Amino acid sequence: MALFSIQRSALLSLFAGLALTVWAAQWAAGVAESEARHEFQQAAAIRALQLKERLDAYEGVLRGLQGFFAGSEEVDRGEFHRYVVRLELKQDLPGVQVVGFARRVPLAERDAFIAAVRADRRLVVDGYPTFAIRPPGERPEYLVIDYTEPPQGNEAAFGLDLLSEGARRSAAERARASGAAAATAPITLVQETGRQSSFLLLLPIYRNGASLATIEERWAAFVGVVYAAFRMGDLARGVFGEDAERLDLRIDDVGLVGAAGGAVADAQPLLRLTPSEGRSSPPSYSSETPFDFAGRQWRLRIDAVDAPAAVKRTATAVLAGGALISALVFALLQSFAGSRARALTLADAMTHELRESEARTRAVLDNTLDAIITIDEQGLVESFNLAAESLFRYRTEEVLGRNVKMLMPAPYAGEHDGYLSAYRRTGVRKIIGIGREVVGKRSDGSCFPMELAVTEVTVNDRRRFIGLVRDISERKKMEQLKNEFVFTVSHELRTPLTSIRGSLGLLEGGIAGELPTQARALIGIAATNCDRLVDLINDILDVERIASGRMSFQFATQPLLPLIEQAVAANQGFAVQHDVKLAIVARLAEGSAHIDADRLLQVLANLLSNAAKFSPPGETVDVSLHRRGDRLRIEVVDRGPGIPEEFRARIFDKFSQADGSTTRAKGGSGLGLSISRALVERMGGEIGFNSEPGHGACFWFELPEVAPLSGTVPAKGGGGGEASADAPRVLVCEDDADVAQLLANLLQRAGYQVDHAASAAMARELLASRQYAAMTLEIGLPDETGVDLLTRLRAAKGGFEVPVVVVSGSPDVLTPTLGGALAVVDWLEKPVDAQRLSAALKRAIRGPASQPTRILHVEDDVDLVHIVAAQFGSRAEIIEARTLSTAKAELATRIFDVVILDLGLPDGSGLDLLPLIQGLAQPPAVVVFSASDAETPLAAQRAVAASLVKSRTSNERLVQIVHGLTRSAARAEPGRRARLADEDVTKNEKENDDEC
């Protein structure tokens with residue numbers, strides 16, 4: 001009974017133990033399988049995160065390239081190559097087949113673009129002579145792959161038009177319209193040698209400074225795309241490593257984000273990695289993860305190759321140790337411990353891999369030469385690379401989480417938060433997408449100039465701003481050195497050239513007597529070449545002033561036709577030298593524009609001189625003014641050889657000329673058209689040309705038409721009625737009857753009696769029979785030039801003292817001696833300014849001063865002082881002052897009529913004399929005559945009667961202006977000459993006393 005009981009207990013114990021063992025084994029297997037499934041799902045999620053992080057890293061690389069383009073006016077092939085090489089993509093971010101730049105090329109610019117690429121030798125010595133756009137054919141526009149890195153292995157992609165294939169074109173158009181990254185549907189790369197599926201990731205590049213608020217603005221400002229091409233197999237192995245061989249990996253492209261679809265039948269395969277291919281059993285576990293990338297919907301599917309071995313091991317261990325509860329518990333605990341250990345090991349491995357991915361991304365940013373700073377919408381710093389640490393001298397941990405305005409001095413720091421707030425509220429961009437020069441502040445409080453380019457990105461529905469910062473301290477130093485050099489060029493070249501040209505002019509004018517024929521010819525050659533050198537220096541200085549933004553403009557609304565007539569008249573002499581005529585063939589009298597008249601005349605002079613140079617002898621250059629919509633168009637048409645096709649793309653570049661032979665034949669610096677384009681654009685216009693080789697060229701520019709200001713009726717002269725019998729009599733010497741009648745009416749209303757002479761002979765008869773208070777003179781008379789008439793009258797026995805006012809269509813620069821030796825009161829160009837004519841006659845009729853003009857010439861160049869003194873002759877007493885201190889001493893002891901002032905003096909700026917001059921009891925008029933083009937301050941401008949530039953102003957013109965100033969000053973103060981004489985006597989007596 002006891003035995004039976006023991007056996008029964010043993011059997012019961014055995015059955016109970018077996019039952020318990022079976023139950024425990026099933027329970028343990030279920031737990032192990034649950035944990036294995038959880039581990040698989042966790043691993044799959046981590047792999048999906050790895051893939052997304054890697055794709056985001058690649059997009060970040062393209063964002064860096066986008067910022068690189070935004071921070072530069074033009075990124076050439078060499079700069080692009082150096083930037084991409086520094087990224088070391090093959091080592092740090094494997095899976096990228098190629099990184100490149102595709103440029104938008106309109107059909108009209110296709111041939112010029114192909115020629116430019118073929119001639120590009122920045123990377124390859126021989127250029128790319130076989131470059132062509134593929135596939136061939138005419139399309140409205142192209143998006144051509146221009147830069148590829150690395151070029152080796154990607155030759156087939158060079159020149160490919162991304163708009164020629166549907167998937168690539170769709171992604172490019174999405175990127176262009178949205179401004180965001182865009183991925184293509186699955187494609188096969190043209191350089192693919194295997195069978196891998198691929199895709200492209202594109203980011204748009206827009207023209208710097210363009211507004212991008214709307215799709216239309218982004219479409220118009222589109223320049224091209226930076227892109228990266230990925231082979232999916234290489235990408236997956238780079239992301240997943242050895243796991244790619246243990247799991248079935250599938251990635252499908254479902255379609256565009258937000259588009260209908262998503263069914264299995266709609267999917268396009270991107271990746272198939274199937275190490276278990278050929279097995280009949282279904283996968284143990286599967287995970288499917290959808291995610292969006294660059295506008296496309298992707299679906300990642302991961303299948304386990306084998307059932308987890310942990311399930312089998314746990315069941316075996318429980319069954320083997322089922323007889324003993326302790327062994328069962330021990331086995332269970334070991335199984336749990338092993339499961340947990342494996343889970344932790346797997347999690348650690350994935351975490352380590354994720355950190356490595358982050359480290360690689362960080363390495364890319366930290367090894368970028370430019371500082372890169374990322375902030376959120378509140379302006380708090382989220383990333384700060386090593387270049388930023390070096391530039392701002394902060395450690396990353398000192399900056400992260402703090403407001404970025406800590407890196408800005410006032411007033412930028414105070415404005416920053418308000419700008420971000422306004423941008424969040426209105427969406428109006430003021431900085432984003434626009435390169436700007438601002439000031440940064442380092443940790444020690446010191447400030448430095450920097451170039452800032454800001455781009456906006458959206459990641460996980462959060463908006464972030466990436467700032468690309470470049471220290472431009474060295475560039476600013478170079479600009480300062482350049483400015484100093486330009487000042488030196490202005491002073492050290494313009495001053496001696498002014499002396500040389502003035503000396504040659506005096507010799508040509510006969511100051512040294514009649515010259516031999518050969519000597520006169522040599523002096524003429526020297527004067528011509530001196531003028532060429534002066535023009536070249538002025539052009540170079542104009543280019544520098546345009547580039548630096550220091551060229552001043554005096555805008556006014558005025559009609560264009562008088563300026564065109566003035567320009568044609570001024571350039572007729574140059575045209576005659578080339579046996580060419582200038583003719584206005586279309587006149588629009590009522591067209592007005594808001595312009596700077598001097599700058600417009602400079603543009604017209606460049607176009608007219610070019611047309612005259614390149615026209616065959618005997619031909620005519622046609623000038624026209626007409627209206628095109630709301631713009632006024634000025635055209636200059638020549639009948640020369642036209643513009644070669646290969647030269648047209650660079651015709652407005654600096655120092656550009658068609659070819660060597662033409663340059664030698666026609667001369668010129670190649671700067672005129674470049675300067676003209678800058679001036680026209682600054683006045684709100686547009687310049688261009690039309691040409692057919694062998695049939696001449698038409699250069700044109702258009703300006704916005706502006707309605708003329710109301711109330712601009714010319715002022716009447718003094719008097720206001722018909723002349724009385726005892727009124728001063730004026731002789732009008734003018735061959736044009738209409739102009740003569742106009743002058744007579746103006747002068748009679750001003751209170752003068754008027755006689756008219758239509759020729760030089762009639763003028764002589766009237767001058768011999770009557771007394772005249774003044775005379776107006778036209779230069780182009782039918783029987784004798786006005787110059788010859790006035791020269792013979794002045795040289796006649798007994799002299800000719802009648803004051804003369806020139807009223808002529810010929811500009812005064814053609815006959816400068818009239819303002820000097822022939823003593824012209826004023827020079828008025830047609831159409832006549834009635835107010836100025838009346839004022840000139842009033843000055844003339846009051847008669848010359850009894851004493852010579854006293855002039856203080858403040859100038860450190862002795863030769864120029866002597867040249868100017870020779871121009872004045874006995875009509876002026878020139879007192880020389882080479883330094884500021886000497887000038888101050890002279891002003892303290894003498895009274896002067898005029899001060900001629902140079903700004904660049906050995907001991908300071910000539911502007912420092914202005915307060916002293918204005919503080920005198922009888923301040924003289926000041927004429928600035930300097931080599932510098934720099935603008936004087938507003939306060940100084942009020943104290944200056946005229947501001948002239950050496951080499952741009954003839955010495956004769958200087959004399960003419962000074963005489964105009966001294967006549968009015970002397971006549972307004974009759975007692976002034978007496979005071980000057982008394983002062984000289986007193987000073988001489990004092991000097992004699994000092995000598996004793």
Side-chain angles (χ1 to χ4, degrees), residues 553-575 580-612 620-638 676 679-689 698-715 734-743 745-746 778-780 806-814 827-837:
F553 288 79
Q554 303 295 326
F555 286 101
T557 299
Q558 53 189 302
L560 295 185
L561 184 58
L563 294 174
I564 295 174
E565 293 173 340
Q566 181 180 345
V568 169
N571 288 275
Q572 284 286 8
F574 181 83
V580 174
K581 295 181 181 179
L582 306 180
I584 302 176
V585 297
R587 300 170 181 265
L588 182 65
E590 68 274 14
S592 297
H594 192 62
I595 56 169
D596 183 317
D598 291 337
R599 304 304 182 197
L600 185 72
L601 290 173
Q602 185 176 353
V603 173
L604 287 169
N606 285 332
L607 299 184
L608 292 171
S609 62
N610 280 347
T620 300
V621 174
D622 294 337
V623 184
S624 61
L625 170 65
H626 50 88
R627 183 179 288 109
R628 287 171 59 95
D630 60 349
R631 301 172 76 84
L632 298 175
R633 185 181 181 105
I634 300 174
E635 294 182 349
V636 178
V637 180
D638 65 61
S676 297
L679 295 179
V680 170
E681 290 177 352
R682 180 66 177 81
M683 290 186 285
E686 179 184 4
I687 190 169
F689 67 92
C698 169
F699 279 86
W700 54 265
F701 62 94
E702 295 180 349
L703 297 167
E705 185 174 9
V706 178
L709 299 176
S710 59
T712 55
V713 179
E734 169 63 58
D735 62 328
D736 188 289
D738 293 335
V739 175
Q741 184 61 47
L742 172 64
L743 293 175
N745 290 339
L746 292 174
E778 162 63 55
I779 298 301
V806 173
V807 180
S808 177
S810 302
D812 58 340
V813 293
L814 297 178
W827 188 300
L828 308 182
E829 295 181 7
K830 300 176 181 177
V832 178
D833 184 331
Q835 194 172 17
R836 184 174 170 186
L837 174 63

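Predicted model, so just to flag it, every value in this text is computed and none were measured.
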Would you mind telling me which of Leu561, Ile595, Val706, Leu588 makes a side-chain contact (heavy atoms from CB on, under 4.5 Å) with Leu632?
Leu588
Between Gln602 and Leu679, does a side chain to side chain contact (heavy atoms under 4.5 Å, CB included) hold up when you go through it step by step?
CA-CA 9 Å; Gln602 185 176 353; Leu679 295 179; 3.7 Å; yes
Taking all non-hydrogen atoms of both residues into account, name the closest pair between [X] and [Y] and its distance.
| X | Y | answer |
| --- | --- | --- |
| Ala597 | Leu563 | CB-CD2, 3.9 Å |
| Leu703 | Gly685 | CD2-CA, 4.0 Å |
| Leu608 | Ala567 | CD1-O, 3.8 Å |
| Leu582 | Gln572 | O-NE2, 2.9 Å |
| Val585 | Ser624 | CG2-CB, 4.0 Å |
| Asn571 | Ala605 | ND2-CA, 3.9 Å |

Report the C-alpha distance between Asn745 and Gln741 in whole Å, list the side-chain angles of each, state the deciding distance to 0.1 Å, and finish with yes or no for side chain to side chain donor-acceptor pair (under 3.5 Å).
CA-CA 6 Å; Asn745 290 339; Gln741 184 61 47; 3.0 Å; yes
Atom [atom1] of [X] and atom [atom2] of [Y]: how far apart are they, to the nearest 0.5 Å?
| X | Y | atom1 | atom2 | value |
| --- | --- | --- | --- | --- |
| Ile687 | Trp700 | CD1 | CH2 | 8.0 Å |
| Ile564 | Ile584 | CD1 | CD1 | 6.5 Å |
| Arg633 | His626 | CZ | NE2 | 6.0 Å |
| Glu565 | Leu560 | CD | CG | 11.5 Å |
| Asn606 | Phe699 | CG | CZ | 11.0 Å |
| Glu705 | Asp630 | CD | CG | 8.0 Å |

Salt bridge (charged side-chain N to carboxylate O under 4.0 Å, His left out) involving Asp622 - partner list, sequence neighbours excluded:
Arg639
So do the side chains of [X] and [Y] get within less than 4.5 Å of each other, counting heavy atoms only?
| X | Y | answer |
| --- | --- | --- |
| Phe555 | Arg599 | no |
| Phe701 | Leu600 | yes |
| Arg631 | Glu686 | yes |

